[in-house]
Amino acid sequence: MKFFIDTANLDQIAEAEALGVLDGVTTNPSLMAKEGITGRDNIIKHYVDICNIVDGDVSAEVIATDFEGIIKEGEELAALHEQIIVKVPMIKDGVKAIKYLSDKGIKTNCTLVFSPGQALLAAKAGATYVSPFIGRLDDISTDGLSLIADIRQIYDNYGYETEILAASIRHTMHVIDCAKLGADVMTGPLSAITGLLKHPLTDIGLEKFLADYKKGNN
Ligand code: E4P
């Protein structure tokens, strides 16, 4: 399973990269705004800064919502760095643009996916990644994880190569459940990654090992 971090915060990206388990980064306009990155030039520079920290795919989201605008922006973003994946929303012109960009060899991430039908369209259009937002489905009392299971089954039935990028991950159990269901990738906050480290028996066990070592070496 690939681990992506879902943030535009350079310190957190660097911390996850230093852990040695990071495979990429996803961003979106809200995450950029949260870090105070505004204006096209600053946003472009920030994408390049992220690419220089991580060794992996970096999703950069288009703002345009019409076909011509999406492909223009997508081609510009893709030209920034070889690690850039063009993130395109699941709308009619977005699907057309994913097909166009995929045919040109530009990698895409179809975002804002909330149903199996949308995921099927993304795969047929040739998206590199599809991003089902499980946390936001949970937020409205709908089972986000069952969407991952449905997409896995559909993609396996037909051998679609689009990778399932479980997005809107909120906590460690989302990560574990998505791994059990066969999601190819998860993207979440740093806490969802570092949270996997934690177990009280590990802390207790380590404390005892160190105390016993000290006793024998005094
Ligand atoms: C995915 O690529 C999105 O950036 C993200 O996972 C959305 O997560 P949120 O629902 O926590 O905003």
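Not measured: the values here are computed from a predicted model. Below, each value reflects all heavy atoms present in this structure, side chains not excepted, and no hydrogens, waters or symmetry copies.
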With sequence neighbours excluded, tell me which residues meet ring-ring contact (aromatic ring centres under 6.0 Å, His included) with Tyr129.
Phe4
Minimal heavy-atom distance between Val25 and Thr7, with the atoms involved, is CG1-O, 3.5 Å
I'd like to know if the side chain of Thr162 reaches the main chain of Ala127, judged simply by a donor and an acceptor atom lying under 3.5 Å from each other, with no hydrogens or angles considered.
yes
Might you point out which heavy atoms bring Asp93 and Thr65 nearest each other, and give the distance in Å?
CB-O, 3.7 Å
Examine distances only and state if a side-chain atom of His46 and a backbone atom of Met32 form a donor-acceptor pair shorter than 3.5 Å.
no
Do Ile13 and Ile50 have side chains that get closer than 4.5 Å, going by heavy atoms?
yes
For Ile134 and Gly144, which heavy atoms make the closest approach, and how far apart are they?
CG2-O, 3.3 Å
Give a yes or no on whether the backbone of Ala119 and the side-chain of Tyr155 come within a donor-acceptor separation of less than 3.5 Å.
yes
Using a strict 4.0 Å threshold on nitrogen-to-oxygen distance, state whether Asp139 and Arg136 make a salt bridge.
no
Could you go through the salt bridge (Lys or Arg N to Asp or Glu O under 4.0 Å) check for Asp41 and Lys45 one step at a time?
CA-CA 6 Å; Asp41 290 351; Lys45 181 184 171 303; over 6 Å; no
Scan the side chains in residues 15-24 for donor-acceptor partners under 3.5 Å anywhere in the protein, sequence neighbours excluded, and list what turns up.
{"from": "Asp23", "atom 1": "OD2", "to": "Phe3", "atom 2": "N", "distance (Å)": "2.7"}

So, Arg152 and Asp184, do they make that salt bridge, N to O below 4.0 Å?
yes
Going by the angle between their ring planes, with limits at 30° and 60°, are His174 and His171 parallel, tilted or perpendicular?
parallel
Quick check on Asp55: does its CG atom have over 12 non-hydrogen neighbours (other residues, nucleotides or ligands) under 6.0 Å away?
no
Pairing residues for Ala149 by the side chain to side chain contact (heavy atoms under 4.5 Å, CB included) criterion, not counting sequence neighbours
Leu181
Validation row: Lys104, Glu75 side chains within 4.5 angstrom (heavy atoms)
yes
Among side-chain atoms of Asn9 and Glu35, is any donor-acceptor pair under 3.5 angstrom?
yes
Distance-only, no hydrogens or angles: does the Thr128 side chain make a donor-acceptor pair with backbone N or O of Thr108 under 3.5 Å?
yes
